[in-house]
Structure formats: C-alpha cells, structure tokens
Peer 1: 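First the structure, then my questions, so here it is.
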Amino acid sequence: MEIHAPGTLKLPASALTIGALDGVHLGHQALLAKTKMRAEKLGVPFVVYTFDPPPKVFFKNCQMITSLDEKLNRLEMSGAEHVIVGQFNEAFTKQTVTAFIEELELINPVEIWEGPNFQFGKDRKGTIDDLKAHFNVGILSPLQCEQGELISSTRIRKLLLQENYSSARNLLGDIRHISFLAEKNFAV
C-alpha cells in the first residue's frame, strides 16, 4: 500500500472511497469492501482518501478511536492500494468544493463509493450531488447492528466513554473478514 499527500497521486483510473474512517469500524469495512470489489471488477486501483485527524476530532475535540498508524494498518488489511491522507487543519477546512473535486480528478475515479450523508469542502457545502455532477457515485446504506442501531464512530466513542469495551469491539469488527462483508452484503 502506498501513502500519498493530497494532490500528489495521479492515476489513469481508480475506484475511490473518501471518509474520516475513524476506527475503520464495520460500517467503514462494508464501504471499503464494496469499493475494493468494484476496483477488482473494473481492473483499476483501489484508493482511499482519509483525514488526520478526523474532522470531528479537529472541530469537536472528541476522542480519536484509532491512531493514524492503526488506521493505515487496517486500511492496508482491507486491500487498499493507495491511501491519500489529508492533514485536517485550519487550511484544509478552507478548501472549496471545486478545489476538492479538481484534486479528485487527478486520480480519475471511475466510481466513488460513499455513505448517504457524505459532505465535503469548506463548511461541508459539498454533497453527494456535487460529486455526481462529475463522477459516477454509488451510495451504500449505513450498516446497523443486531439491535437495529446504526454503526458509527460516534456510537463507538459513546460506548468507550461508558467503558462498554465489548460492544465497542464488536462494532469495530475484524478487518480480516472484509471479503466476507463484500460477499454477504454486496453481490454485484
């Protein structure tokens, strides 16, 4: 797996997912599995664009679930071939929607896979519709746990604060089972 700074990776084609991916939990793993599966089917590199620190950690000073090294390790185990790590700082928060889309054009995504509430750019003004105006975008429904609750980094943080480590660990899942997630939930 190769790690890149924003704007430094140029590819003739790719399959891409973008997100904070704090924890690389089961919901993230499903998104990664789908993107990897599509990359393999399309014969293009599997690219992940993530942020350090995650935006919620930067803006709300909340607990980070995984260090950057641990996140990168989990992304490598997911099969990512390239990971772009945006340093989420004051300057990054000012990047316009247009500038971010121009940056993505450098890697020529054949497909981008996101969750339904994905937002990007300055003041989170960029939406799925903005991405769809430039790229082929697939939307993956959020995963729910057995109790019917959404699997999210926010929920995992809450469980950790409550010292409910067993439940948090269950939602983080085992990244080695990513191919199982792809086969179970996302047959093409």
Side-chain angles (χ1 to χ4, degrees), residues 1-25 27-58 64-115 117-140 153 175 178-179 181-182 186:
M1 180 179 81
E2 296 180 31
I3 301 166
H4 309 271
T8 63
L9 177 62
K10 294 180 177 135
L11 294 170
S14 66
L16 171 68
T17 190
I18 309 161
L21 305 173
D22 192 14
V24 193
H25 58 63
H28 297 143
Q29 291 173 40
L31 189 59
L32 293 164
K34 178 64 174 185
T35 309
K36 178 184 179 194
M37 186 173 62
R38 293 300 297 155
E40 289 172 352
K41 184 168 179 117
L42 295 165
V44 298
F46 168 28
V47 180
V48 176
Y49 195 126
T50 192
F51 310 99
D52 181 51
K56 280 192 179 177
V57 172
F58 179 81
M64 194 158 56
I65 298 171
T66 50
S67 68
L68 178 60
D69 286 342
E70 187 176 350
K71 182 193 314 189
L72 291 173
N73 183 50
R74 290 174 72 86
L75 291 175
E76 185 170 29
M77 290 171 61
S78 80
E81 296 170 70
H82 298 276
V83 176
I84 300 167
V85 180
Q87 294 302 310
F88 205 87
N89 54 29
E90 195 66 38
F92 198 87
T93 66
K94 294 180 170 117
Q95 185 180 42
T96 65
V97 170
T98 302
F100 190 70
I101 287 172
E102 288 172 355
E103 182 185 327
L104 296 182
E105 288 172 342
L106 295 173
I107 59 171
N108 296 297
V110 177
E111 290 183 0
I112 298 176
W113 285 91
E114 292 301 331
N117 301 317
F118 179 71
Q119 295 176 299
F120 63 98
K122 184 179 179 190
D123 299 325
R124 297 177 55 144
K125 289 185 178 177
T127 65
I128 293 290
D129 289 335
D130 293 312
L131 282 181
K132 285 182 175 180
H134 300 272
F135 308 104
N136 182 16
V137 179
I139 307 299
L140 203 63
S153 298
I175 193 77
I178 194 163
S179 60
L181 283 169
F186 312 111

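Bear in mind that the values here come from a model prediction, so they are computed numbers and not experimental data.
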Peer 1: Taking the side chain as everything from C-beta on, heavy atoms only, tell me whether Ile139 gets closer than 4.5 Å to Phe118.
Peer 2: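 Not in contact.
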Peer 1: Checking Asp22 against Lys71 for the side chain to side chain contact (heavy atoms under 4.5 Å, CB included) test, could you report, in this order, the C-alpha distance in whole Å, the side-chain angles of both residues, the deciding distance, and whether it holds?
Peer 2: CA-CA 7 Å; Asp22 192 14; Lys71 182 193 314 189; 5.5 Å; no
Peer 1: According to the side chain to side chain donor-acceptor pair (under 3.5 Å) rule, which pairs have a member within residues 10-21, sequence neighbours left out?
Peer 2: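 Sorted result for residues 10-21: empty, none.
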Peer 1: Would Leu72 and Met1 count as a side chain to side chain contact (heavy atoms under 4.5 Å, CB included) if you check the C-alpha gap in whole Å, the side-chain angles of each, and the deciding distance to 0.1 Å?
Peer 2: CA-CA 9 Å; Leu72 291 173; Met1 180 179 81; 4.2 Å; yes
Peer 1: Where is the tightest heavy-atom contact between His28 and Ser153, given as atom of each residue plus distance?
Peer 2: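 Answer, listing the atom of His28 first, then Ser153: CE1-OG, 3.5 Å.
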Peer 1: Any side-chain heavy atom of Asn108 sitting closer than 4.5 Å to one from Leu11?
Peer 2: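 No. Closest side-chain heavy atoms not under 4.5 Å.
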Peer 1: Could you check Asp130 against Thr127 for side chain to side chain contact (heavy atoms under 4.5 Å, CB included), going step by step and ending with a plain yes or no?
Peer 2: CA-CA 5 Å; Asp130 293 312; Thr127 65; 3.3 Å; yes
Peer 1: For the residue pair Ser78 and Gln29, establish whether any side-chain heavy-atom pair is separated by less than 4.5 Å.
Peer 2: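 They are not in side-chain contact.
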Peer 1: Which atom names give the shortest non-hydrogen contact between Ala80 and Val48, and what distance separates them?
Peer 2: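 Heavy atoms of Ala80 and Val48 come nearest at CB-CG2, 3.8 Å.
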Peer 1: Taking the side chain as C-beta and beyond, is there a heavy-atom pair between Leu106 and Leu9 under 4.5 Å?
Peer 2: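 No, side chains not in contact.
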Peer 1: Hey, could you give me the NE2/CD distance between His134 and Glu102, rounded to the nearest 0.5 Å?
Peer 2: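 The distance works out to 9.0 Å.
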Peer 1: Donor-acceptor pair, distance only, cut-off 3.5 Å: does the side chain of Asp123 make one with the backbone of Lys125?
Peer 2: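 Pair absent, no side-chain N/O of Asp123 close to backbone of Lys125.
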Peer 1: I need the Leu31 CG to Leu21 CG distance, nearest 0.5 Å.
Peer 2: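 Rounded to the nearest 0.5 Å, the CG-CG separation comes out at 7.5 Å.
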Peer 1: Quick one: are Phe135 and Leu104 in side-chain contact, heavy atoms under 4.5 Å?
Peer 2: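 Yes, side chains in contact.
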Peer 1: Which distance, rounded to the nearest 0.5 Å, do you find between the OG1 of Thr96 and the CD1 of Ile101?
Peer 2: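 Reported to 0.5 Å precision, the distance equals 8.5 Å.
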Peer 1: Pro6 and Gly86: which non-hydrogen atoms are nearest, and at how many Å?
Peer 2: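 Nearest heavy atoms, Pro6 then Gly86: CG-CA, 3.5 Å.
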Peer 1: Does any non-hydrogen side-chain atom of Val137 lie less than 4.5 Å from one of Glu111?
Peer 2: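 Glu111 does not reach Val137 side chain to side chain.
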Peer 1: To the nearest 0.5 Å, what is the distance between CG on Leu68 and CD1 on Ile3?
Peer 2: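 Separation between the atoms: 7.0 Å.
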Peer 1: Does Glu81 reach the main-chain N or O of Glu2 with its side chain, forming a donor-acceptor pair under 3.5 Å?
Peer 2: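 Flag not set: sc Glu81 to bb Glu2 has no pair under 3.5 Å.
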Peer 1: Phe120 and Tyr49: aromatic ring centres closer than 6.0 Å?
Peer 2: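 They do not qualify: ring centres at least 6.0 Å apart.
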Peer 1: Give me the atom names and distance for the closest heavy-atom approach of Ala13 to Pro45.
Peer 2: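 Looking at all heavy atoms of both residues, the shortest contact is O-CD, 3.2 Å.
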Peer 1: Parallel, tilted or perpendicular: which one describes the rings of Phe100 and Phe92, with boundaries at 30° and 60°?
Peer 2: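 Answer is perpendicular, since the angle exceeds 60°.
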Peer 1: Once you round to the nearest 0.5 Å, how far does CD1 of Ile18 lie from CH2 of Trp113?
Peer 2: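 Answer rounded to 0.5 Å: 13.5 Å.
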Peer 1: Is there side-chain contact between Glu103 and Gln95, with heavy atoms separated by less than 4.5 Å?
Peer 2: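 Glu103 reaches Gln95 side chain to side chain.
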Peer 1: With rounding to the nearest 0.5 Å, note down the distance linking CD1 in Ile65 to NE2 in His25.
Peer 2: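 Spacing of CD1 (Ile65) from NE2 (His25) equals 7.0 Å.
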Peer 1: Quick one, Glu90 with Thr93, criterion side chain to side chain contact (heavy atoms under 4.5 Å, CB included). Give me CA distance, side-chain angles, the key distance, then yes/no.
Peer 2: CA-CA 5 Å; Glu90 195 66 38; Thr93 66; 3.9 Å; yes
